S.K.: 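First the structure, which I've put down as structure tokens, then a few questions once you've had a look.
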Amino acid sequence: MADCVFCQILEGRAEGSVVYRDERAIVLLDLFPVREAHCLVIPVQHQPLLQDLEPDLCAHLFELARRTIRAHKRAGLDVLAHNVIVNDGREASQHVPHVHVHVIPRRGGDTLATALTWGTRMMNIFGLAKRRRRLDRLAGLLAEHFPES
């Protein structure tokens, strides 16, 4: 899909801070994170809805979400828990119509900040170059700690 930002990243036509990639999926940092190290697990195959994916690809995406959680902890980030979320469809707040799994690190006492950030995170479009440099450094750290299984 030419106008899908995730397809553009997968094809190298747009930037993304990549943590991990294989022939079926990619893990990258969200450009508008809810919390630091907020990652997205995205299938290479463009499908808008989870129901359209083959069961083994769904399993692979959630295996990569599990490995992302391990990478967060192995990298020494201040993480106590995670939200793993799929917004499946526009009415469920899916902003990019390409299946993706959010893996959001959480710390104790961050519920209010997380809720406020979730609602306003895409409003801040200033300083994208500086943000990209910070995300690229973090992606490198997570890539170093991304487990094989």
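Just so you know, these numbers come straight off a predicted model, no measurement behind them.
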S.K.: To check you understand the geometry: which heavy-atom pair defines the closest contact between His46 and Pro97, and what is its length?
M.R.: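 Smallest heavy-atom distance, with atoms named: CE1-O, 3.3 Å.
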S.K.: Give the C-alpha distance, both sets of side-chain angles, the deciding distance and a yes or no for side-chain contact (heavy atoms from CB on, under 4.5 Å) between Leu77 and Leu138.
M.R.: CA-CA 10 Å; Leu77 301 180; Leu138 183 55; 4.3 Å; yes
S.K.: For Leu50, does its backbone N or O pair with a side-chain atom of Asp88 as donor and acceptor, under 3.5 Å?
M.R.: yes
S.K.: Inspect the surroundings of CD in Glu54 and state if more than 12 heavy atoms from other residues, nucleotides or ligands are less than 6.0 Å away.
M.R.: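 No, the 6.0 Å shell around CD holds no more than 12 heavy atoms from other groups.
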S.K.: Mark yes or no for whether Arg35, through its side chain, and Arg106, through its backbone, hold a donor-acceptor pair below 3.5 Å.
M.R.: no
S.K.: Kindly indicate whether the side chain of His82, heavy atoms from C-beta on, has any atom under 4.5 Å from the side chain of Ile104.
M.R.: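 Sidechains of Ile104 and His82: no contact.
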S.K.: Measuring from atom CG of Leu135 to atom CZ of Phe32, what distance do you get when rounded to the nearest 0.5 angstrom?
M.R.: 10.0 Å
S.K.: Report the distance from atom CG of Leu40 to atom CG of Asp30, rounding to the nearest 0.5 Å.
M.R.: 4.5 Å
S.K.: Spell out, as yes or no, whether a donor-acceptor pair under 3.5 Å connects the side chain of Gln94 to the backbone of Pro48.
M.R.: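 Checking the backbone N and O of Pro48 against the side chain of Gln94, a donor-acceptor pair under 3.5 Å is found.
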S.K.: Would the distance check show the side chain of His72 and the main-chain N or O of Leu142 forming a donor-acceptor pair, the cut-off being under 3.5 Å?
M.R.: no
S.K.: At what distance, to the nearest 0.5 angstrom, does CG of Leu80 lie from NZ of Lys73?
M.R.: 8.0 Å
S.K.: Quick one: NE2 on His102 to CD1 on Ile85, what's the gap to the nearest 0.5 Å?
M.R.: 7.0 Å
S.K.: Looking at every non-hydrogen atom in both residues, tell me the closest pair between Asn87 and Ala92 and how far apart they are.
M.R.: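 The answer is CB-O, 3.2 Å.
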S.K.: Would you name the heavy atoms of Pro43 and Leu61 that are closest together and state the gap between them?
M.R.: N-CD2, 3.8 Å
S.K.: Do you know the tightest heavy-atom contact between Phe146 and Leu64?
M.R.: CZ-O, 4.1 Å
S.K.: Taking all non-hydrogen atoms of both residues, which atom of Val44 and which atom of Glu23 are closest, and how far apart?
M.R.: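 That would be CG2-O, 3.8 Å.
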S.K.: Could you list the donor-acceptor pairs under 3.5 angstrom formed by side chains in residues 1-18, with sequence neighbours left out?
M.R.:
{"unit_1": "Gln8", "atom_1": "NE2", "unit_2": "Ala2", "atom_2": "O", "d": "2.9"}
{"unit_1": "Glu11", "atom_1": "OE1", "unit_2": "Arg13", "atom_2": "NE", "d": "2.8"}
{"unit_1": "Glu11", "atom_1": "OE1", "unit_2": "Arg13", "atom_2": "NH2", "d": "2.7"}
{"unit_1": "Ser17", "atom_1": "OG", "unit_2": "Arg132", "atom_2": "NH1", "d": "2.9"}
{"unit_1": "Ser17", "atom_1": "OG", "unit_2": "Asp136", "atom_2": "OD1", "d": "2.6"}

S.K.: Within this structure, what is the CD-CZ distance for the pair Gln45 and Arg24, rounded to the nearest 0.5 Å?
M.R.: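 These two atoms lie 9.5 Å from each other.
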S.K.: I'd like to know if the side chain of Arg131 and the backbone of Leu31 have a donor-acceptor N/O pair within less than 3.5 Å.
M.R.: yes
S.K.: Take His60 and Asp22 through the side-chain contact (heavy atoms from CB on, under 4.5 Å) test and state the conclusion after the steps.
M.R.: CA-CA 11 Å; His60 183 64; Asp22 62 29; 2.8 Å; yes
S.K.: Please give me the minimum heavy-atom distance between Cys58 and Leu53, naming the atom from each residue.
M.R.: SG-CB, 3.8 Å
S.K.: I'd like to know if Val84 and Leu49 are part of one continuous hydrophobic network [Ile/Leu/Val/Met/Phe/Trp/Tyr, side-chain heavy atoms within less than 4.5 Å].
M.R.: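 No; tracing contacts between hydrophobic side chains, which count when under 4.5 Å, never links both residues.
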